J.: 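Please find one structure pasted underneath; my questions will follow.
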Amino acid sequence: MSSHANNPKPQITRAYVKPDDLPEVNGKYITEKSLSGLTWFRVGGAADVIYLPTDADDLSAFLKNLAADIPVTVLGAGSNTLARDGGVRGVVIRLGSGFADIACDGETDIRAGAGALDVRVASTAAGAGLSGFEFLSGIPGSIGGAVAMNAGAYGRETADVLVRVEAITLDGDKRELTPDALNLGYRTNGYPDPIIYTAAVFRGVPADANVITAQMDEIADKRGTTQPVKSRTGGSTFKNPGGASPNGPKAWKLIDDAGCRGLRVGEAQVSELHCNFLINHGNASAADIETLGETVRQRVLETSDIDLDWEIRRIGEVADGA
Ligand SMILES: Cc1cc2nc3c(=O)[nH]c(=O)nc-3n(C[C@H](O)[C@H](O)[C@H](O)COP(=O)(O)OP(=O)(O)OC[C@H]3O[C@@H](n4cnc5c(N)ncnc54)[C@H](O)[C@@H]3O)c2cc1C
């Protein structure tokens, strides 16, 4: 990274938050923990405080009693998030085991906590002989992340199976919302206010469990050969400019055409296998990864006149001196 010796950055005054500044909760506060262990990229500084609520009531009480000027950031499985090296000010809320239950509800519905992994929901549905969830088997996120991002793959997306969500506003009020209210689009959720999903109800279609499992195996095979699924990555870095349309421009193709396949910044690299994936080879910093992404964006703009839009969520602050 370039030196700023002749052009010093303005001093930023940060109000670090400590557990003493926060309401009493049943859940747990963790301090001085790097977010690298909670994100797929395995990079990132520490959050001031990480809060693990025990359940929706605990989270609701926390939000009701939290001082309005303390920022909160929600993290699911961290598979679509780049946490910057300077860490995250305020409270990072992580929904863990208290939000991981998955249960069949009647003949066709499945209710899953927002902390449940997509792959577990897919396998529960398969076991119950419910089709429609196969696409989730290849997405390494949580249900909260799937609703927040309208995660999808192979022509299917979360909106296709979602019946309703349970959520909590930043004021601590519990809400039940239908997909219409969320205004889900291609990798977007258009709900107008910040909100935390705590559970979701999905509807499948009864089908032969063997057929469902075979489809999930096919998805696993396909992913294993076309995406760097075993690497430290954040999945698709940029949205396809044509959205979900099969005929629209694809981000990976634009990146390839811009000559960025395999491009490196330090230990961060554009995947050779799938150009829309960035990889941390081990010791990349978040700044390396973000710089690489911005370089790719710039090159695509120069070669194709298309300004790519980050799909990966970037959180936190750039480290001092970066
Ligand atoms: C190898 C690999 C393959 C991938 N393949 C796909 C794919 O095929 N299709 C696809 O769509 N994505 C894919 N992804 C990206 C990622 O898995 C999805 O976007 C996933 O839905 C993110 O879920 P998460 O829990 O990891 O979210 P996080 O990365 O933790 O968070 C992502 C966003 O969701 C928000 N969020 C998370 N939980 C909640 C909650 N409970 N309430 C409110 N907001 C919340 C966060 O605030 C953040 O803005 C892939 C990623 C990897 C690493």
Side-chain angles (χ1 to χ4, degrees), residues 35 38-42 44 47 50 52-53 56 59 63 71-83 88 91-96 98-100 112-122 134-160 162 165-170 175 177 182 184-189 191 193-200 219-220 222-224 226-240 243-244 251-252 271 273-274 276-280 289 310-316:
L35 290 169
L38 299 180
T39 59
W40 266 62
F41 269 124
R42 294 286 181 264
I50 297 171
L52 309 174
L59 177 58
L63 291 166
V72 297
T73 304
V74 187
L75 192 62
S79 63
N80 204 47
T81 297
L82 178 64
V88 178
V91 181
V92 169
I93 300 173
R94 185 134 196 284
L95 306 189
F99 297 83
L117 291 180
D118 299 349
V119 62
R120 284 194 54 232
V121 173
E134 296 83 350
F135 74 98
L136 281 177
S137 66
I139 302 178
S142 68
I143 288 301
V147 174
M149 303 294 299
N150 191 21
Y154 305 117
R156 303 276 296 167
E157 57 185 17
T158 305
D160 296 336
L162 191 64
V165 293
E166 295 164 26
I168 303 184
T169 67
L170 293 195
R175 295 270 157 82
L177 302 166
L182 302 184
L184 299 171
Y186 168 67
R187 304 298 169 268
T188 58
N189 176 319
Y191 191 72
D193 302 312
I195 197 155
I196 302 174
Y197 303 105
T198 53
I219 286 174
K222 209 165 169 181
R223 276 185 186 269
T226 57
Q227 297 178 0
V229 290
K230 297 208 167 97
S231 302
R232 298 170 177 201
T233 177
S236 294
T237 310
F238 300 105
K239 296 182 188 184
N240 287 324
W252 75 263
S271 166
L273 191 59
H274 191 312
N276 199 19
F277 281 56
L278 304 184
I279 290 172
N280 171 9
I289 296 168
W310 283 84
E311 180 171 325
I312 287 174
R313 303 292 169 102
R314 291 161 295 163
I315 60 171

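Given the structure is predicted, the values throughout are model-derived calculations rather than measurements. Numbering of ligands and ligand atoms starts at 1, following listing order.
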J.: Output, in order, the C-alpha distance, side-chain angles, deciding distance and verdict of side chain to side chain contact (heavy atoms under 4.5 Å, CB included) for Tyr154 and Glu134.
T.: CA-CA 10 Å; Tyr154 305 117; Glu134 296 83 350; over 6 Å; no
J.: How long is the span from the CG atom in Leu59 to the CG atom in Leu52, to the nearest 0.5 Å?
T.: 11.5 Å
J.: Specify the protein heavy atom at minimum distance from atom 27 (O) of ligand 1: its residue, its atom name, and the distance to 0.1 Å.
T.: Gly145 CA, 3.8 Å
J.: Considering only heavy atoms, does Trp40 approach ligand 1 within less than 4.0 Å through its side chain, its backbone, both, or neither?
T.: side chain
J.: Does Thr39 reach ligand 1, in the sense of a heavy atom lying below 4.0 Å from it?
T.: no
J.: For a quick test of reading the model, state the closest non-hydrogen atom pair linking Glu311 to Asn80 and the distance between them.
T.: O-ND2, 3.3 Å
J.: Give the minimum heavy-atom separation between Gly152 and Arg187, together with the two atoms involved.
T.: O-NH2, 3.0 Å
J.: Nearest to atom 33 (C) of ligand 1, what protein heavy atom do you find, and at what distance?
T.: Met149 SD, 3.8 Å
J.: Which option wins on minimum heavy-atom distance to atom 7 (C) of ligand 1: Ala116, Ala200, Ser236, Gly152?
T.: Gly152
J.: Any atoms of ligand 1 less than 4.0 Å from a non-hydrogen atom of Ala153? List them with their elements.
T.: 8 (O)
J.: Starting at CG of Leu75, measure out to CG of Leu35 and round the result to the nearest 0.5 Å.
T.: 6.5 Å
J.: For Leu95, counting its heavy atoms only, list the atoms of ligand 1 lying under 4.0 Å from any of them.
T.: 41 (N)
J.: Can you tell me if Arg187 has a non-hydrogen atom under 4.0 Å from ligand 1?
T.: yes
J.: Can you list the residues that meet the side-chain contact (heavy atoms from CB on, under 4.5 Å) rule with Val119, with sequence neighbours excluded?
T.: Leu117
J.: For Tyr191, give me all partners under ring-ring contact (aromatic ring centres under 6.0 Å, His included), at least two apart in sequence or on another chain.
T.: none
J.: Roughly how far apart are Leu162 CG and Asn150 CG, rounded to 0.5 Å?
T.: 8.5 Å
J.: Ignoring angles and geometry beyond distance, decide whether Tyr197 reaches within less than 3.5 Å of ligand 1 through its nitrogen or oxygen atoms.
T.: yes
J.: Which is closest to atom 31 (O) of ligand 1 by heavy-atom distance: Thr237, Thr81, Leu82?
T.: Thr81
J.: If you measure every N or O of Ala151 against every N or O of ligand 1, does any of those distances drop under 3.5 Å?
T.: no
J.: Do any nitrogen or oxygen atoms of Ile196 lie less than 3.5 angstrom from nitrogen or oxygen atoms of ligand 1?
T.: no
J.: With no hydrogens and no angle check, is any side-chain donor or acceptor of Ser271 less than 3.5 Å from a backbone partner on Leu273?
T.: yes
J.: What is the closest protein heavy atom to atom 30 (O) of ligand 1, and at what distance does it sit?
T.: Gly76 N, 2.7 Å
J.: Identify the closest protein heavy atom to atom 48 (C) of ligand 1: which residue and atom is it, and at what distance?
T.: Arg313 CG, 3.9 Å
J.: Ignoring angles and geometry beyond distance, decide whether Asn80 reaches within less than 3.5 Å of ligand 1 through its nitrogen or oxygen atoms.
T.: yes
J.: Out of Ser142, Ser79, Pro140, Gly138, who gets a non-hydrogen atom closest to atom 26 (O) of ligand 1?
T.: Ser79
J.: Counting C-beta onward and ignoring hydrogens, is there a side-chain heavy-atom pair between Val72 and Val91 closer than 4.5 Å?
T.: yes
J.: Taking atom 5 (N) of ligand 1 as the point of reference, which of Arg156, Arg223, Glu157 owns the nearest heavy atom?
T.: Arg223
J.: Heavy-atom pairs closer than 4.0 Å: do any link ligand 1 to the side chain of Ile195, the backbone, both, or neither?
T.: backbone
J.: Could you give the distance from OG1 (Thr39) to CD1 (Ile315), rounded to the nearest 0.5 Å?
T.: 8.0 Å
J.: If you count the atoms of ligand 1 from 1 in the order shown, which ones are under 4.0 Å from a heavy atom of Ala146?
T.: 21 (O)
J.: Of the protein's non-hydrogen atoms, which lies at the shortest distance from atom 24 (P) of ligand 1, and what is that distance?
T.: Ala77 N, 3.5 Å
J.: If we only count N/O pairs under 3.5 Å, is Ile139 in contact with ligand 1?
T.: no
J.: Where's the contact between Ala148 and ligand 1, heavy-atom distance under 4.0 Å: side chain, backbone, both or neither?
T.: side chain
J.: Does Ile143 reach the side chain of Phe99, with side-chain heavy atoms less than 4.5 Å apart?
T.: no
J.: Return yes if some donor-acceptor pair links the side-chain N/O of Arg314 with the main-chain N/O of Ala83 below 3.5 Å, else return no.
T.: no
J.: For the atom pair CZ (Phe41) and CD1 (Ile279), what is the distance rounded to the nearest 0.5 Å?
T.: 9.0 Å
J.: How close does the nearest protein non-hydrogen atom get to atom 40 (C) of ligand 1, and which residue and atom is it?
T.: Val74 CG1, 3.7 Å
